[in-house]
There are 2 protein chains.
Amino acid sequence: MPSQMSPKTAARRPDRRELANAIRALSMDAVQAADSGHPGMPMGMADIAEVLWNDYLQHNPANPHWYDRDRFVLSNGHGSMLLYSLLHLTGYPLGMDEIRRFRQLGSKTPGHPERDPDLGIETTTGPLGQGLANAVGMALCEKILAAAFNRPGFEIVDHRTFVFLGDGCLMEGISHEACSLAGTLKLGKLKCFYDDNGISIDGKVSGWFSDDTAGRFEAYGWQVIRDVDGHDSAAIAGAIEACLADERPSLIICKTVIGYGAPNKQGSESTHGAALGVEEVAAARESLGWDAPPFEVPDDIAVAWNATERGALLERDWSNRFASYRAKYPELAGEFERRMAGELPARWAEGATEAIARIVAAGKDMATRKASLQALNVFAPLLPELVGGSADLTGSNLTRHEHSLAVTGDDASGNYIFFGVREFGMSAICNGIALHGGLIPYCGTFLTFSDYARNALRMAALMKVRNIFVYTHDSIGLGEDGPTHQPVEHLASLRIMPNMRVWRPCDAVETAIAWRDAIERTGGPTSLVLTRQGVPHQRRSDAQVAAVRRGGYVLHDPGTRPAIIFIATGSEVGLAMQAASALADEGTAASVVSMPCTDLFDAQPESYRRSVLPPATSARIAVEAGVGDLWWRYVGPTGRVVAMHGFGESAPAGDLFRHFGFTVENLLSVAKELLAE
Amino acid sequence: MPSQMSPKTAARRPDRRELANAIRALSMDAVQAADSGHPGMPMGMADIAEVLWNDYLQHNPANPHWYDRDRFVLSNGHGSMLLYSLLHLTGYPLGMDEIRRFRQLGSKTPGHPERDPDLGIETTTGPLGQGLANAVGMALCEKILAAAFNRPGFEIVDHRTFVFLGDGCLMEGISHEACSLAGTLKLGKLKCFYDDNGISIDGKVSGWFSDDTAGRFEAYGWQVIRDVDGHDSAAIAGAIEACLADERPSLIICKTVIGYGAPNKQGSESTHGAALGVEEVAAARESLGWDAPPFEVPDDIAVAWNATERGALLERDWSNRFASYRAKYPELAGEFERRMAGELPARWAEGATEAIARIVAAGKDMATRKASLQALNVFAPLLPELVGGSADLTGSNLTRHEHSLAVTGDDASGNYIFFGVREFGMSAICNGIALHGGLIPYCGTFLTFSDYARNALRMAALMKVRNIFVYTHDSIGLGEDGPTHQPVEHLASLRIMPNMRVWRPCDAVETAIAWRDAIERTGGPTSLVLTRQGVPHQRRSDAQVAAVRRGGYVLHDPGTRPAIIFIATGSEVGLAMQAASALADEGTAASVVSMPCTDLFDAQPESYRRSVLPPATSARIAVEAGVGDLWWRYVGPTGRVVAMHGFGESAPAGDLFRHFGFTVENLLSVAKELLAE
């Protein structure tokens with residue numbers, strides 16, 4: 001690479017095709033060495049990538065964290081070797097040793113790109129369509145931050161989000177949700193390159209994908225640039241110039257040949273998802289005129305690709321501008337840096353503590369969705385970076401707090417996004433906002449419809465991003481809308497998703513603490529699971545208030561060894577408290593454990609867990625208005641789980657709680673049965 | 001109703017607006033009585049519904065099972081009172097008492113329509129966009145059956161699928177997936193009415209939904225009829241005539257006023273999801289000129305609506321034609337009736353038993369996805385009603401068997417559907433195929449991407465339809481594609497969905513039996529969870545083969561009381577067998593329980609369950625390459641669960657199994673630790 005080049009080879013500027021062939025060669029070689037991977041897309045999009053990265057992309061390989069870098073998203077993530085080749089060639093810390101270890105355990109070059117902020121990998125992609133939706137979130141975040149921080153003459157937030165995507169992304173429904181909203185919100189700095197190669201895994205797409213994609217995107221209000229020859233560098237450059245000059249989001253439709261350069265396989269699905277084979281790799285080298293050995297890049301080509309110098313200049317220019325900005329707007333500059341660093345405001349901790357203390361003191365009964373709004377109302381003024389919305393259930397999710405202001409296509413100075421009925425798009429867009437940095441996103445829908453977005457939640461958990469999901473109407477307590485709208489398995493299903501933190505608070509105090517935990521958690525997403533219906537305030541000592549963040553704690557201590565323990569969450573905590581009280585009247589000591597967050601409780605030291613669930617008391621009843629399978633772990637084989645065993649029904653909530661056995665009477669009956677054993 | 005009418009009132013034919021107002025009045029009244037529901041849509045679409053149902057819809061209220069009836073799908077299912085009103089008024093067995101009990105426990109009029117084949121409710125709707133996708137499946141099913149059964153001069157399968165849908169359906173990504181495919185497959189009998197009222201729950205949709213929807217659907221190859229006044233009966237009729245004359249799927253864009261007739265609230269989101277209030281209902285009565293008391297329909301209007309006579313004629317005409325068809329094609333007619341009745345062929349049971357016996361005898365090692373293909377190859381010739389496909393992973397899911405023939409837009413005589421990269425659409429389309437009747441659908445993708453389709457799986461389970469999901473690449477055994485493609489929580493997450501039967505077979509024998517069970521199950525969907533990688537054949541006695549359908553059984557019986565029990569599924573069964581064998585060599589008796597289907601096992605009598613998991617043996621280890629939370633129920637607090645505790649990694653499968661502890665060595669080490677306790 002640069003340090004090894006000889007003056008002679010450095011003298012000649014390789015032509016564009018040669019530069020692109022470096023991507024093709026590395027991609028073929030890495031896939032061949034792994035005997036696994038996807039050479040077709042990198043070989044097909046190499047020419048486009050070469051023009052974009054060498055001539056247009058504003059980035060600094062020496063500092064992948066530069067705030068105002070252009071974002072690059074590989075939504076067709078199976079073509080990961082394209083991205084790894086680009087990162088390696090332009091000078092990111094991704095050595096040839098890592099390229100050689102493509103798809104091996106512990107390498108930095110896994111099968112699909114995995115978010116790595118130190119390496120220039122902006123998001124994890126592979127599940128199709130989601131990279132595109134993340135990119136919509138990044139472009140939206142840029143627009144909101146630009147509105148908040150730019151000042152006349154100081155465009156300190158001014159970058160593009162470039163996306164590569166394929167037929168698969170465009171077939172997926174999330175592409176509709178995200179791109180439709182991008183059009184409405186006029187995300188003019190979003191620039192997408194469609195790898196229109198006519199091939200997907202099952203073969204020629206015409207048999208299952210015959211959309212007029214250009215017409216479709218024009219219907220979204222996008223600029224569409226048609227029929228660009230994806231192997232003609234001048235045509236690509238022309239299209240990029242045209243898209244950069246347009247104020248709409250852009251789709252550049254590039255006609256390409258999948259596996260371009262593999263003489264016997266190009267244009268066929270056989271290049272998509274498997275190594276080309278030793279012979280075809282050799283034939284492709286011949287056909288491309290690439291005579292360097294595997295995993296070697298000729299010096300002149302390496303030099304021409306290296307972007308560290310250009311990147312340093314780009315960032316330096318920005319830094320100079322930012323320094324002037326800081327001189328003129330010192331507070332804004334400091335605030336911008338704080339937010340981009342993902343740090344909470346200095347006044348946050350104290351303000352949050354005070355707000356929670358006020359909620360404890362007020363001791364009000366209310367639905368936890370209303371408690372969530374109350375928490376937003378007090379936390380939002382402390383957190384200008386908080387931006388949220390709902391999938392067309394604003395008045396039900398209560399996501400629009402007192403300080404909310406709508407973000408529109410013409411004015412991005414707000415903090416509230418009307419996402420429309422687009423749960424999956426919303427969730428993945430919020431992942432993109434979190435990935436971009438500078439804002440903390442939250443988004444709401446009914447808990448049932450977390451189903452629609454499920455893989456975006458998983459991606460948030462996998463990428464470890466701070467994305468807060470507000471899920472109201474958390475059980476049969478939703479009532480009359482019936483079983484389609486009543487979550488039953490969802491709470492358990494969220495809890496078993498690795499790295500998804502799930503809170504189901506029982507009152508306004510636990511709700512505020514759950515919100516605080518979600519905001520302070522930097523290692524992953526949080527789901528806040530909230531009631532539609534009112535729930536009673538629970539009185540707590542200071543120690544109990546402090547124990548909420550342990551995930552589970554003794555809310556009612558009978559003062560003696562409990563004969564029975566109730567474990568409950570959310571709306572069932574009040575029920576358990578009543579049952580314990582009734583048992584006390586009859587002389588039976590019962591404790592009530594409120595367990596709003598099982599994963600936090602599971603992470604407590606054993607001594608704490610044993611103090612909450614003393615082994616000496618084996619008579620335990622878990623009660624939760626959802627499927628109960630996960631609770632056996634806490635009650636043991638001698639316990640009972642009062643839970644849902646099937647779908648709900650359409651009826652007023654009170655009728656349903658009675659119908660399904662969520663009553664004090666039923667709890668007492670189960671308790672007595674258990675105590676009699 | 002008819003029986004109560006007086007000759008005088010029956011003499012006058014009410015005008016169309018009066019007929020439509022019956023829907024408006026019933027909808028207002030029912031929502032008001034329940035103090036819950038959605039009056040806006042029924043009041044807005046009443047005029048459209050009146051024209052369609054009174055003049056065009058081919059149905060017979062006295063026989064909702066008539067095979068060649070038109071299908072009507074209310075995709076904007078919150079407007080359920082529209083459908084209940086139509087069913088009541090046209091003569092289905094839905095009395096006024098049920099309308100009065102709207103949204104009450106045990107009524108036939110739940111908050112959202114719930115599939116009821118005896119009542120003319122074709123599908124359960126509410127989760128937006130899915131009714132539309134179901135309808136695409138119904139229209140596709142009709143097209144396939146027409147190709148299979150119609151003969152020159154005998155169009156015995158010839159009906160339309162009509163859909164009502166709203167802005168929400170069109171914002172949802174699934175509308176893109178389903179409608180794009182409907183265009184490609186040229187489903188010309190699909191006719192959709194878009195309630196273009198400009199309002200969604202959050203208010204005027206222009207702030208979050210500014211698509212040129214007409215342009216979008218033209219891009220899908222649909223006929224689009226624009227700017228129809230949804231309150232002008234003549235215009236509506238003209239649009240229907242035009243759409244029936246067109247061979248493309250049709251979108252009729254009807255401009256409507258939400259809550260039409262409520263003078264102070266119409267046109268506003270306030271009519272969408274709440275009762276209008278007593279005063280506004282009264283004002284609406286005034287404004288509409290509707291003076292009948294609540295829940296009463298004037299006789300002349302009731303008579304005009306009643307469709308039992310017209311329906312009887314329509315069905316009689318078809319029955320006569322079918323009788324002629326039967327005379328000419330007796331075998332085809334019998335086959336058609338069998339398939340529409342959902343009965344398996346007479347030769348099925350014997351054929352399936354023989355096929356499974358051959359697989360048992362062959363005793364071959366293979367990946368269970370390959371075993372699934374083998375099962376399809378032997379079962380498909382027995383089952384002409386089997387129709388399947390994949391979301392662009394045909395060669396990976398191995399869903400295309402030897403007797404598969406592609407269904408295309410121009411030729412629907414096949415049995416294989418290339419769904420494209422559309423998991424959610426595919427799953428909901430297959431729900432629609434199952435709902436229509438006459439075909440048994442199956443569809444494949446990677447297990448991870450069941451996430452994309454999750455709510456369609458839930459709807460299948462809720463509606464109790466026979467839909468078979470083929471989920472391959474079921475664990476970290478997927479290997480190099482990495483954590484985005486490796487399911488971890490999915491298996492557990494499917495198991496906790498009510499009424500979803502989940503099989504994770506360990507070899508070719510269990511796979512074939514699982515397929516048979518899925519085909520024979522009429523009460524709900526089945527997920528078949530299959531390996532990418534090879535697994536060893538397990539030898540079984542006849543009794544063990546028979547026990548597979550009990551969901552869990554002793555695969556290895558040490559012949560004495562086991563000191564330890566391994567419980568395993570799928571690819572981990574072979575591992576447990578090896579561990580048991582190694583323990584036997586050391587003189588420790590271990591049994592191995594194969595548990596391919598926990599819900600079938602849970603449904604066994606306690607005596608059987610105790611014979612498989614004898615209480616005397618408390619040393620139990622469950623092993624499964626997924627999250628393990630559900631296994632505590634079977635191993636108890638003194639047991640161990642060898643499972644995944646986080647996301648996977650990108651690496652060859654063998655490396656991953658070692659890395660995550662799925663090795664004989666680790667099982668032995670855990671067993672010894674447990675035995676030492």
Side-chain angles (χ1 to χ4, degrees), chain A residues 36 103-105 110-112 126-128 168 171-174 176-177 180 184 200-202 207-212 215-216 219-220 392-394 418 420-422 424 451-452 454-455 462 480-484 489 492-493 496-498 627 629-630 632-633 636-637 646-647 649-651 655 659, chain B residues 36 103-105 110-112 126-128 168 171-174 176-177 180 184 200-202 207-212 215-216 219-220 392-394 418 420-422 424 451-452 454-455 462 480-484 489 492-493 496-498 627 629-630 632-633 636-637 646-647 649-651 655 659:
Chain A
S36 162
R103 293 185 156 233
Q104 303 309 303
L105 193 60
H112 291 80
L128 293 172
M171 282 186 258
E172 290 287 5
I174 191 173
H176 167 59
E177 298 182 9
S180 166
T184 303
S200 69
I201 292 176
D202 280 356
W208 45 89
F209 184 45
S210 56
D211 289 6
D212 165 16
R216 175 187 162 202
Y220 296 151
D392 200 43
L393 286 168
T394 293
F418 288 99
V421 190
R422 303 179 176 100
F424 194 10
D451 275 358
Y452 273 59
R454 190 162 169 89
N455 203 260
L462 179 60
E480 293 91 341
D481 272 351
T484 54
E489 72 278 22
S493 168
I496 58 176
M497 184 181 282
V627 300
D629 305 59
L630 298 182
W632 291 103
R633 182 170 180 181
F647 295 107
E649 299 278 354
S650 170
D655 293 353
H659 178 72
Chain B
S36 162
R103 296 185 154 230
Q104 303 309 303
L105 194 59
H112 290 80
L128 293 173
M171 282 186 258
E172 289 287 5
I174 191 172
H176 167 60
E177 298 182 9
S180 166
T184 303
S200 67
I201 294 175
D202 280 356
W208 45 89
F209 183 46
S210 56
D211 289 6
D212 166 16
R216 175 186 161 203
Y220 296 151
D392 201 42
L393 286 169
T394 293
F418 289 99
V421 190
R422 303 179 176 100
F424 195 10
D451 275 359
Y452 274 58
R454 190 165 168 88
N455 204 261
L462 180 60
E480 293 92 340
D481 272 351
T484 53
E489 71 279 23
S493 166
I496 59 176
M497 183 180 283
V627 300
D629 304 60
L630 298 182
W632 291 103
R633 183 169 179 181
F647 294 107
E649 298 278 353
S650 170
D655 293 354
H659 179 70

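Since the model is a prediction, treat every value here as computed from it, not as a measurement. Order of the sequence lines fixes the chain letters, A, B, ..., with proteins taken first and strands second; residue numbering starts at 1 for each chain.
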- Task: Pick one of side chain, backbone, both or neither for B:E649, based on which atoms fall under 4.5 Å of a heavy atom in chain A.
- Result: side chain
- Query: So which of A:I496, A:D392, A:T484 has the largest heavy-atom pair count under 4.5 angstrom toward chain B?
  - Reply: A:D392
- Message: Heavy-atom cut-off 4.5 Å, strictly under: side chain, backbone, both or neither for B:T394 against chain A?
- Response: both
- Message: Please rank B:Y220, B:F647, B:F209 by heavy-atom pairs under 4.5 Å with chain A and give me the top one.
- Response: B:F647
- Note on the structure: In terms of heavy-atom contacts, A:I201 and B:L393 come closest through CD1-CD2, 3.6 Å
- Query: Among B:G636, B:S200, B:G646, B:P637, who wins on heavy-atom pairs under 4.5 Å with chain A?
  - Reply: B:S200
- Task: Below 4.5 Å from any heavy atom of chain A, which atoms of B:H659 appear? Answer side chain, backbone, both or neither.
- Result: side chain
- Message: Taking every non-hydrogen pair under 4.5 Å, which of A:P127, A:G207, A:A492 racks up the most with chain B?
- Response: A:P127
- Please check if the side chain of A:H112 supplies one atom and the backbone of B:D481 the other of a donor-acceptor pair under 3.5 Å. yes
- Message: Below 4.5 Å, heavy-atom pairs only: which of A:E172, A:Q104, A:E177 has the largest tally toward chain B?
- Response: A:E172
- Query: Which region of A:W632, side chain (C-beta onward) or backbone (N, CA, C, O), has a non-hydrogen atom less than 4.5 Å from a non-hydrogen atom of chain B, or is it both or neither?
  - Reply: side chain
- Query: A:D211 and B:H176: side chain to side chain contact (heavy atoms under 4.5 Å, CB included), yes or no, with the steps?
  - Reply: CA-CA 10 Å; A:D211 289 6; B:H176 167 60; 3.4 Å; yes
- Query: Under 30°, 30 to 60°, or over 60°: which ring-plane class applies to B:Y452 and A:F424, parallel, tilted or perpendicular?
  - Reply: perpendicular
- Highest number of heavy-atom pairs under 4.5 Å with chain B: which of A:A651, A:P483, A:S650? A:S650
- Task: Assess the side chains of B:R422 and B:S180: does a donor N or O sit below 3.5 Å from an acceptor N or O?
- Result: yes
- Under 3.5 Å, side chain of B:E480 to main-chain N/O of A:R103, donor-acceptor pair present? no
- Message: Let's go through A:R454 and B:S493 carefully: what are the C-alpha distance in whole Å and the side-chain angles of both, what is the deciding distance for side chain to side chain contact (heavy atoms under 4.5 Å, CB included) to 0.1 Å, and is it a yes or a no?
- Response: CA-CA 11 Å; A:R454 190 162 169 89; B:S493 166; 3.5 Å; yes
